[in-house]
A.B. asks: 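Let me begin by handing over the structure; questions about it come next.
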Amino acid sequence: MKSGKRYKFETLAVHAGHAVDPATGAVTEPIHLSTTFERDADGGYSKGFLYSRNHNPNRNGLEAALVALEGGAAAAAFSSGLAAVTAIFQGLVPGDHVIAPSDIYHGTANVLKHLFGKWKVTASFIDMTDLDVVRKTVTPSTRIIWIETPSNPLLQCVDIAALAEIAHANGARAIADNTFASPVLQQPLALGCDMVMHATTKYLGGRSDVLGGAVVSRLDDEAFAQVRMAQLYGGAVPSPFDCWLVMRSLPTLPYRMQAHCANAKKVAEFLQAHDKVSAVHYPGLEGNRFHALAKKQMCGFGGMLSFEVRGGKDAAMALAAHVDIFTRATSLGGVESLIEHRASIEGPESKTPQGLLRVSVGLENGDDLIDDLASALTHA
Ligand SMILES: *Cc1c(COP(=O)(O)O)cnc(C)c1O
């Protein structure tokens with residue numbers, strides 16, 4: 001893909017950031033393990049590479065691909081999703097304030113509370129599904145409104161465009177953790193966000209075999225320069241092999257997401273009709289509180305859902321103990337279906353209901369998944 005033409009998503013997923021290797025003609029990129037690169041006779045670096053913490057051909061390719069898929073201007077890749085989160089908050093200074101959702105990925109909450117609290121960056125964790133609560137929480141020191149939608153683990157949706165407007169009216173930036181939706185289902189930059197963050201560990205990697213993170217920025221501006229500085233000086237960069245693994249998964253991303261969505265909808269509908277299940281959290285269900293909003297800002301409802309069993313913790317644990325196809329494990333976004341008792345992984349600060357199980361619906365046959373849950377539910 002050499003022209004600057006704006007191709008559609010599936011085409012970008014195959015070609016953006018990929019190139020035939022100029023040295024050998026290899027169609028698939030080599031993995032460039034070299035940590036250091038030769039200088040020119042005059043001391044310059046005419047090939048653009050110096051040292052692999054600064055730049056690496058595999059990382060450059062991944063960053064270019066993510067820019068294309070999220071519709072941004074610049075991207076920085078990291079060694080984990082939380083390294084990307086940390087790099088964003090490292091652009092703040094003591095006294096700055098962050099607004100974040102109360103239903104937030106617990107790791108992001110830990111970064112704000114336990115790493116940045118010490119540095120006098122304050123955070124308010126609030127119900128962001130209510131925009132008035134957000135407006136009332138903004139202070140003159142608010143610098144970032146952190147958005148996570150659909151959220152983890154309750155699959156709540158918040159209005160991205162409205163939150164970006166509130167942020168901008170108050171001199172703050174709107175930054176979205178787009179991990180659950182992936183750029184296939186939702187594009188926060190087009191809805192007004194300033195940056196998007198990803199755990200590439202999840203749907204982008206897609207195989208539960210690589211940890212990674214990324215920040216994509218709408219503008220290549222001063223705020224993004226801060227993220228780039230955290231990447232270079234902080235050094236939490238992904239390895240060339242990690243970048244290569246994520247790149248290998250990107251071409252199938254749009255097709256995987258379609259199948260994740262179709263399977264999740266089937267599973268959600270099955271669970272909703274089951275008498276041992278008291279609640280199903282999936283924005284794709286007609287009766288879901290967030291259905292209309294999700295429809296407005298997403299073009300598919302995703303592969304993640306959670307549900308609550310009437311018997312509480314013991315029933316949830318008994319169900320999880322009797323699955324055959326599902327694997328009892330944390331994380332999400334891989335080809336295999338996972339089931340997880342969320343409260344016990346989140347630790348003592350968790351507010352997640354004890355009877356809640358979170359499911360990452362994989363790419364197995366949807367009817368097999370339903371049969372598996374149906375038989376496990378007999379133990380709940
Ligand atoms: C997994 C995850 C992260 C953190 O990513 P790591 O690669 O585990 O550091 C952040 N946000 C969400 C929504 C996640 O699911």
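Nothing fancy with the numbering, it's 1 onward along the sequence. Note that ligands are numbered from 1 as they come in the structure, with each ligand's atoms numbered from 1 the same way.
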A.B. asks: Establish, yes or no, whether a centroid distance under 6.0 Å links the rings of His55 and Phe37.
C.D. replies: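 Ring-ring flag for His55/Phe37: false, centres at least 6.0 Å apart.
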A.B. asks: Quick check on contacts: which atoms of ligand 1 are under 4.0 angstrom from a heavy atom of Gly212?
C.D. replies: 7 (O)
A.B. asks: Between Asp367 and Lys266, does any side-chain N to carboxylate O distance fall below 4.0 Å?
C.D. replies: yes
A.B. asks: Could you tell me, atom by atom, which parts of ligand 1 come under 4.0 Å of a heavy atom of Ala199?
C.D. replies: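 Contacts of ligand 1 toward Ala199, numbered from 1: 1 (C), 2 (C), 3 (C), 4 (C), 5 (O).
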A.B. asks: Do any heavy atoms of Ala83 fall under 4.0 Å from ligand 1?
C.D. replies: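 No heavy atom of Ala83 comes that close to ligand 1.
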A.B. asks: Before signing off on this row, confirm whether Thr108 and ligand 1 have an N or O atom pair separated by under 3.5 Å.
C.D. replies: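 Not met; the criterion fails.
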A.B. asks: Is the NZ or CZ atom of Lys113 positioned over Phe125's six-membered ring, under 6.0 angstrom from the centre and within 45° of the axis?
C.D. replies: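 Lys113 over Phe125 ring: yes.
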A.B. asks: For ligand 1, find out whether one of its N or O atoms is nearer than 3.5 Å to an N or O atom of Glu148.
C.D. replies: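 Glu148 vs ligand 1: no N/O contact under 3.5 Å.
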A.B. asks: Which heavy atom of Leu250 sits nearest to which heavy atom of Pro254, and what is that distance?
C.D. replies: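 Looks like O-CD, 3.8 Å.
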A.B. asks: Side chain or backbone of Leu82 under 4.0 Å from ligand 1, or both, or neither, by non-hydrogen atoms?
C.D. replies: both
A.B. asks: Please list the nearest protein heavy atom to atom 6 (P) of ligand 1 with its residue and the distance rounded to 0.1 Å.
C.D. replies: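 Here the closest protein heavy atom is Gly81 N, 3.3 Å.
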A.B. asks: Please confirm whether Phe49 and His32 have ring centers closer than 6.0 angstrom.
C.D. replies: no
A.B. asks: Validate the cation-pi geometry between Lys202 and Tyr105: distance from NZ or CZ to the six-membered ring centre under 6.0 Å, angle to the ring axis within 45°.
C.D. replies: yes
A.B. asks: Distance under 4.0 Å to a non-hydrogen atom of Ser80: what atoms of ligand 1 satisfy this?
C.D. replies: 7 (O), 9 (O)
A.B. asks: What protein heavy atom sits nearest atom 3 (C) of ligand 1, and how far away is it?
C.D. replies: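 Residue, atom and distance for the closest contact: Tyr105 CE2, 3.4 Å.
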A.B. asks: How close does the nearest protein non-hydrogen atom get to atom 12 (C) of ligand 1, and which residue and atom is it?
C.D. replies: Asp177 OD2, 3.4 Å
A.B. asks: Out of all atoms in ligand 1, which are within 4.0 Å of some heavy atom of Leu332? Include the element for each.
C.D. replies: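 Close to Leu332: 15 (O).
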A.B. asks: Does either side chain, that of Glu308 or that of Ser278, offer a donor lying less than 3.5 Å from an acceptor on the other one?
C.D. replies: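 No, no side-chain donor-acceptor pair sits under 3.5 Å.
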A.B. asks: If the threshold is 4.0 Å, N to carboxylate O, is there a salt bridge linking Arg228 and Glu63?
C.D. replies: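 Result for this pair is yes, salt bridge flagged.
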A.B. asks: Considering only non-hydrogen protein atoms, determine which one is nearest to atom 15 (O) of ligand 1 and report residue, atom name and distance to 0.1 Å.
C.D. replies: Lys202 NZ, 2.7 Å
